[in-house]
There are 2 protein chains.
Amino acid sequence: MDSVSGAAVSGQDHDREAVTGNIRQVNRERILQAATTVFADAGFGGATMLGIANAAGLPKANLHYYFGTKQALYAAVLDNILTVWLDAADAIVPERDPAVALADYIRAKIEHSRRFPQASKVFASEMMRGAPLLKDFLAHRLRDRVDAKVAVIEGWARQGRIVVPNPRHLLFQIWAMTQTYADFAVQIAAVLGVETLGPAEFAAAGDTAVTLILRGCGLTPPGVPVPAPGSRQRVETATQN
Amino acid sequence: MDSVSGAAVSGQDHDREAVTGNIRQVNRERILQAATTVFADAGFGGATMLGIANAAGLPKANLHYYFGTKQALYAAVLDNILTVWLDAADAIVPERDPAVALADYIRAKIEHSRRFPQASKVFASEMMRGAPLLKDFLAHRLRDRVDAKVAVIEGWARQGRIVVPNPRHLLFQIWAMTQTYADFAVQIAAVLGVETLGPAEFAAAGDTAVTLILRGCGLTPPGVPVPAPGSRQRVETATQN
DNA sequence: AAGAAACTTGACCAAATGGTCAAATACCAC
DNA sequence: GTGGTATTTGACCATTTGGTCAAGTTTCTT
């Protein structure tokens, strides 16, 4: 049921799965939502149960009723996040054209950063702590997943359909390029001189990432010709600066 | 003197700069070092003065004597970090060959992640909090710096020496690709199946990043020919998996 | 309707935390 | 040496924090 920690769902639970009315589900969801935001902004250590309770619009004791401890609530938040985490990589399958597959993957990751920045931050925060609750997930579920995707990429490479320096690091760097737009949104916004990152910025981010990675893998980005350096040309700017 | 916050150097300071013996300097340094580590692992909210004191091997009251408050100590840590932060970009100047300049820049950034992972984490942590203490730095010092480097890159592009989708996002993504090896070290180590990231892993990371970015900018990575896709070849793996 | 189970919540508690202080000690210029 | 300044540090304090609890209210089940 919970893949993060034995303490994730805690306390006085004896199989209330869907037995009880939906009050339970609704409240849990509300709390998880609030907790995600607070953990994202303050980290595990900086977040307070009172803060989360206020964000959720519920008395603090209520959180403890549903999740037992702060740790368990945190674990539940992580669990919630991980489910969505791996899915984007579904784009990478042997049958597809490498360029299309990678482009889709990158765009999906960027979209994820745009839609769920808090989730990304919580994950990042947990990594920086040393991932005490996710070590296992990383070393097994994620690792296996990566191995599978690496196999696909190496397959493409053997067929001469892609040129990749190091498939594993390629993935790491795609993750980095895309997650940065969630975790470092303030920095990027400040440098771009905008209040917050909007659709225009994310579009430019996606275009740049796709172009860099595809070219980087010896592929031609759709609609973006790659003239040989030496021929006169100007910066191919996208939507905005 | 301090660029982060008016409260960075606080309390009972009236210009002791280098007046007093070096006890002051030595202790401040020792505390800053310990604080950097603790803030990196726990974030601002999760770090405790007692924890930092223990890490520094000093009584807690001593930290308050030198830095006044937790906030001020944190600000001092950030300040310390920022100094080093911008320097790597010195590689990017108009006269240099774009390929060499970018490769140097990327390798310097990766090296920074390898040598000062805690600094990187503290910075990342501050960004995720919304950068309450660095908003100003980001919007001015960093922004100006970026504008300058973007101008250089656009200059190269006008001369047809480089093909870049969006210079600003190119920089963001180089930052991301390189910092990820500090901030997400546990994740990467777990996926690679190693205990910690060593020289071999950082070498592979650097090679991959340089290759991807240079090719991505229509440049040829030194020593790494880019065969046209379609020609038979195998994965060009570097040092290790 | 009635009993049971699920849910709510204000009041409370012990521990931890940031911060203060004053007494003691080390250091230094003359 | 001696007086003054800088440094050290244990003891102390107010506040915050995670967590508990028991008395109440609501919601199901039969």
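Every chain is numbered from 1, with letters handed out A, B, ... down the list of sequences.
In this structure, the CG atom of B:L58 is 11 Å from the C1' atom of D:dT9, given to the nearest Å. Between the CG atom of B:L63 and the C1' atom of C:dC21 there is a distance of 16 Å, rounded to whole Å. Atoms CG (B:N22) and C1' (C:dC28) sit 13 Å apart, rounded to a whole Å. In this structure, the CG atom of A:N54 is 13 Å from the P atom of C:dT9, given to the nearest Å. Atom-to-atom, CD1 of B:I52 to P of C:dA16 comes out at 18 Å; the value is rounded to the nearest Å. Atom pair B:M49:CE and D:dT16:P shows a separation of 18 Å (rounding to whole Å applied). The interatomic distance linking B:H64 (NE2) with C:dG19 (P) rounds to 4 Å, in whole Å. In this structure, CG of B:L50 is placed 20 Å from P of D:dT16, rounded to the nearest angstrom.
Taking every side-chain heavy atom of B:P59 into account, D:dG10 is the closest of D:dG10, C:dC7, D:dT20. Checked against D:dG18, D:dT7, C:dG18, the side chain of B:Y65 finds its nearest nucleotide in D:dT7. If you check C:dG19, C:dC7, D:dG19 against the side chain of B:K60, the one that comes closest is C:dG19. For B:A61, whose side chain is taken as the heavy atoms from C-beta onward, the closest listed nucleotide among C:dT20, D:dG19, D:dT27 is C:dT20. Taking only side-chain atoms of B:K70, from C-beta outward, the nucleotide of C:dG18, C:dT8, D:dG19 with the closest atom is C:dG18. Comparing D:dG19, D:dT9, C:dG19 against the side chain of B:N62 picks out D:dT9 as the nearest.
Ring centroids of B:Y181 and A:H169 are separated by less than 6.0 Å, placing the two rings close together.
Without hydrogens or angle criteria, B:E201 side chain to B:G198 main chain gives a donor-acceptor distance under 3.5 Å. Between the B:Q179 side chain and the B:S113 main chain, no donor and acceptor come within less than 3.5 Å of each other.
For the pair B:Y66 and D:dT8, the criterion of a side-chain N or O lying under 4.0 Å from OP1 or OP2 is met. Distances shown here put every side-chain N or O of A:N27 at or beyond 4.0 Å from the OP1 or OP2 atom of C:dA6. A close approach under 4.0 Å does not occur between any side-chain nitrogen or oxygen of A:R24 and OP1 or OP2 of C:dA6.
Neither side chain, B:N166 nor A:T208, offers a donor N or O lying under 3.5 Å from an acceptor on the other.
Contact annotation for A:A53: no contact, since no heavy-atom pair falls under 4.0 Å across all strands.
For A:D207 and A:R107, the salt-bridge test passes: some basic side-chain N is under 4.0 Å from an acidic carboxylate O.
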